[in-house]
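Computed over heavy atoms, backbone and side chain alike; hydrogens, waters and symmetry mates excluded. In this text, all values refer to a predicted model and were calculated from it rather than measured experimentally. Read the numbers this way: they start at 1 and go in the same order the structure lists the ligands and their atoms.
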Amino acid sequence: MPGQKALYVTEKHSPFALGTAPIYKPGPGDFLVRIESTGLNPADWAIQAYGMIIEKYPAILGIDIAGTVADVGEGVTRFKKGDRILTKGTIGKYERTAFQQYALAYEDTSAKIPEGMSFDQAATIPLGLCTSAVALYHDGVNVIGGTCGLTPPWEDGGRGKYRDQPVVVLSGAGSVGQATIQLLKLSGFNPLITTASLSNAEWLKHLGATHVLDRTLPSEELCNEIQKIASKPIMTVFDAAGYPDTQNLGYDLLASGGTMAAVRPDAVKPEKKVEDKKSFFMYADVNLPQNRKLGASMFAELTEMLDNGDLKPNHVEVVPNGLEGIVPALEKLKQGVSCVKLVAHPQETA
Ligand SMILES: NC(=O)c1ccc[n+]([C@@H]2O[C@H](COP(=O)([O-])OP(=O)(O)OC[C@H]3O[C@@H](n4cnc5c(N)ncnc54)[C@H](OP(=O)(O)O)[C@@H]3O)[C@@H](O)[C@H]2O)c1
């Protein structure tokens, strides 16, 4: 059986180690992708360090995939060999993860990369975008965690639907935050208020934020300032950092009947909780059956949204040394990056 190189976590908590894996054969509705670029995400180091989410080892991690179609399975019509695509890997299904040279991908949650966009840029998009999309736009049927229940901007009647309604994105400069700002802009929200390091303000305004406030200001000051700018009740808050201070600020900002989506488990102080303000911890894997309909509807429109500039990739920092370069890069990500995606090239593995 032909082989490939893959980066493993051999046992729970064990360090990453380079090894080999088979090259998978695509089944119906699947295709094989030769991975040119993979974007690194906080979950990649957190799963290895904390032993969370997955139970099956040895494991291959990695979620963001950009590459070339190498083989197609039965019934696949949207892609052919040689197409440049982006897709979201599936945590826990090791033939569908990113830290290897080839992986399987689902046809319906993949999209062609538009001309003019590099593999590296495309690899910054999948997880951040899917996370925001599911939390904002899931229709609520069998949803995991919760949803803001908004109409997606790529569906009929969704574009601009929430015109002149205020919205807040806490920590807009991360990959999830940037995707959220762009989607909310397409939904029409205005003012679109975000918090970040002010060095990122210009870029976040380019993506669609109308106001960027210094995320290090005291919560009370941020709360007053944001409510002044909003000037109307705030019904939707997206906390793209999910720390206790951001979640409690987000919850304070919400008006009666409002909803806050948070990227991390609930950290709102119990004494703050009231019946008429909802908050939820998202689990936004579009490849899960519960999220698949939403994921497929977005991926069907994604190439066009990227091509016409509705959605822009994050800034890229390429890390050297192929799959092995992922190990120090995840350490760097753990220490914190600002408004940039670290991207590795699995084919450059020695
Ligand atoms: N639940 C899910 O389904 C799901 C899915 C994806 C991600 N996540 C989680 O979402 C979080 C963000 O992911 P990401 O990919 O967007 O990460 P990222 O790109 O690495 O986020 C980096 C940004 O975080 C900001 N930041 C750093 N420390 C902060 C703090 N103390 N308070 C507020 N913001 C801070 C920085 O903002 P400045 O540069 O402006 O300082 C930086 O730009 C991670 O915890 C990740 O695990 C959850």
Numbered atoms and elements of ligand 1 in range of Ala240, under 4.0 angstrom, heavy atoms: 11 (C), 12 (C)
Out of Thr131, Leu127, Ile47, whose heavy atom is nearest to atom 5 (C) of ligand 1? Thr131
Contact partition for Ser199 relative to ligand 1, non-hydrogen atoms under 4.0 Å: neither
Part of Cys339 with heavy atoms under 4.0 Å of ligand 1, whether side chain, backbone, both or neither: backbone
Nearest non-hydrogen contact with atom 31 (N) of ligand 1 belongs to which option: Tyr283, Trp45, Tyr243? Tyr243
Measure the distance from atom 34 (N) of ligand 1 to every protein heavy atom, then report the residue, atom name and distance (to 0.1 Å) of the closest one. Ser171 OG, 2.8 Å
Glu95 (side chain) donor-acceptor with Pro26 (main chain) under 3.5 angstrom: no
Partner of Leu86 under side-chain contact (heavy atoms from CB on, under 4.5 Å), picked from Val33, Leu306, Thr303, is Leu306
Is the distance from the ring center of Tyr50 to that of Trp45 below 6.0 Å? yes
Which of the listed options, Thr180, Val340, Val337, holds the heavy atom that is closest to atom 22 (C) of ligand 1? Val337
Nearest option to atom 14 (P) of ligand 1, as decided by whichever heavy atom of Ser175, Gly172, Ala43 sits closest: Ser175
Is ligand 1 under 4.0 Å from a heavy atom in the side chain of Thr195, in the backbone, in both, or in neither? neither
Could you check whether the rings of His315 and Trp203 sit parallel, tilted or perpendicular, using 30° and 60° as the cut-offs? tilted
May I ask you to check if ligand 1 and Pro42 share an N or O to N or O distance below 3.5 Å? no
Nearest non-hydrogen protein atom, atom 39 (O) of ligand 1: Ser338 OG, 2.4 Å
Determine, for Arg78 against Asp108, whether the closest basic-nitrogen to carboxylate-oxygen distance falls under 4.0 angstrom. no
Heavy-atom proximity to atom 28 (N) of ligand 1 ranks first, among Gln178, Lys334, Arg215, for Arg215
I need the single residue from Thr87, Asp30, Thr90, Asn287 that forms a side-chain hydrogen bond (donor to acceptor under 3.5 Å, both in side chains) with Arg96. Which is it? Asp30
Geometric class of the Phe189/Tyr162 ring pair [parallel <30°, tilted 30-60°, perpendicular >60°]: parallel
Evaluate Val263 for polar contact with ligand 1, using N/O atom pairs at a separation under 3.5 Å. yes
Report yes or no: does Gly336 have a heavy atom closer than 4.0 Å to ligand 1? no
Within the structure, does Thr246 bring an N/O atom to less than 3.5 angstrom of an N/O atom in ligand 1? no
